[in-house]
Each structure stands twice: as structure tokens, then as C-alpha cells.
Amino acid sequence: MPKRDETVATLYRQHYGELLRRACILLHDEEDARDAVSDVMTRLMATDILPDDGEKLLAYVRSSVRFECLNRLKRMKLQERLSRALPLEDSELDRKIDEEEQYSQYQQFIQTELTPQTRRIFMMHYGERLKYREIAARVGISEAAVYKHLSQAIKKLKTRFTQ
């Protein structure tokens, strides 16, 4: 594999998530964002000259993704931009309201029906995305106890919301 291809492949593996998030912020559509990042990386593979410095290359790729997203936005028709920015259909708006109500019910259930310790562990795992080992160290319990608290919380949630 030529050095250029290897460099681009490494850059892709290490920074794809970040580049995708940046594109999603600008385009508000994950599929379009994936396409934009892929197009930039494809063009990068075809480029003969790349900066030697890794930071300069990353800055170049970030800028390229940004400009690709802006160009895609320019090409969109006004109507398409409006439909992405505003939910124009009542069914879509109703669905979003239903999702918010359901989320609110989950939150209320978690706050009122779980014990303080179980709630704390549940929020650490699903809210802060901590691993069992990290939670166990913070709370001062075993990983098995963390597992038991989480399984208990999930069992209660399933019982309450899948009837």
C-alpha cells in the first residue's frame, strides 16, 4: 500500500466519527453527511500532493468536509431546505410529540420507581456511557453488583413499558 493511501486510511479510521459529526451538524441528515465525508476521502485518495504534517492534513480534511457540506446545501432547492428545517407534515410533528411524551414518562419512571443507588448506576451507564468497571470504582461496589443494578432497572422498565 503506498504511503499516501496508508496515511489516508489511518486518518479515516481515527477521525471518521468526528468528521461525520461535523457534517451532520451542517447538513442535519446523517446519510448526506456520510456521503459528504466519503466524497472528501475519495478525492483525498486521488490527490497527488498531501501535507506531510498530520495536523495540517487533518485541518485540510476538516475544511474540505465543511466546504463539501456547504456546497451540498447550496445545491439544495429552497423547498428541500425548508422541509429539512421545519417539520411541515402534521404526522411528523405528532410523532415527535409522542416521542417526547414517552421520553418524559421514562424519565419520570426512572426518578420515582428506581432506588437511588440503581438510578445512579443506571444514569452513569446510560447517561455518562461509563463501563461497569468505571462505575464500580466510582460507587465502591463490585462489577457484579453494577450488573445486578442495571439488570434490575431494565427489568422494571420492560415490565412497565412493554405491556
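Treat the numbers as computed from the prediction; the structure is a model and nothing was measured.
Looking at L44 and Y12, their side chains never come closer than 4.5 Å, going by heavy atoms from C-beta outward. R62 is listed as a side-chain neighbour of L58, based on a closest heavy-atom distance under 4.5 Å. Side chains of R34 and Y16 form a contact here, defined as non-hydrogen atoms less than 4.5 Å apart. With a 4.5 Å cut-off on side-chain heavy atoms, H149 and H125 do not count as touching. When side chains are defined from C-beta on, R133 does not count as touching V146, because their heavy atoms never get closer than 4.5 Å. Counting heavy atoms from C-beta on, the side chains of I141 and I121 come closer than 4.5 Å. Residues P116 and R119 are in side-chain contact: their nearest non-hydrogen atoms beyond the backbone lie under 4.5 Å apart. Contact check for K156 versus T159: no side-chain heavy atoms found under the 4.5 Å cut-off.
Contacts of R66 classified as salt bridge (Lys or Arg N to Asp or Glu O under 4.0 Å), with partners at least two apart in sequence or in another chain: none.
How far OG1 of T115 is from CZ of R120: 11.5 Å, rounded to the nearest 0.5 Å. Atom SG of C69 sits about 12.5 Å away from atom NZ of K74, to the nearest 0.5 Å. Rounding to the nearest 0.5 Å places NZ of K148 at 10.5 Å from CD of Q152. For the atom pair OH of Y126 and CD1 of I110, the computed distance is 10.0 Å after rounding to the nearest 0.5 Å. Atoms CG and CZ, from L26 and F67 in turn, are 11.0 Å apart once rounded to the nearest 0.5 Å. Note that CD of E68 and CZ of R22 are 15.5 Å apart. Values are rounded to the nearest 0.5 Å.
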Check the pair F161, Q102 against side chain to side chain contact (heavy atoms under 4.5 Å, CB included), reporting the backbone distance first and the verdict last. CA-CA 9 Å; F161 292 103; Q102 190 173 21; 5.5 Å; no

Step-by-step side chain to side chain contact (heavy atoms under 4.5 Å, CB included) determination, L157 to E113: CA-CA 9 Å; L157 282 164; E113 300 299 321; over 6 Å; no

Would you please test Y106 and R160 for side chain to side chain donor-acceptor pair (under 3.5 Å) and show each step? CA-CA 9 Å; Y106 291 152; R160 167 63 174 86; over 6 Å; no

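Using a 4.0 Å cut-off between charged nitrogen and carboxylate oxygen, R72 and D39 count as a salt-bridge pair.
The backbone N or O of H15 sits nowhere less than 3.5 Å from a side-chain atom of E18 that would complete a donor-acceptor pair. Without hydrogens or angle criteria, S104 side chain to E100 main chain gives no donor-acceptor distance under 3.5 Å.
Nearest heavy-atom pair across L130 and E134 is CA-OE1, 3.3 Å.
By the 6.0 Å contact criterion, OH on Y147 is open, its count of non-hydrogen atoms from other residues, nucleotides or ligands being 12 or less. A 6.0 Å sphere centred on CD of E128 holds more than 12 heavy atoms belonging to other residues, nucleotides or ligands.
Side chain to side chain, Y103 and Q107 meet the donor-acceptor criterion of an N or O pair below 3.5 Å.
Taking hydrophobic clusters as Ile, Leu, Val, Met, Phe, Trp and Tyr residues chained together by side-chain heavy-atom distances below 4.5 Å, V61 does not share a cluster with I25.
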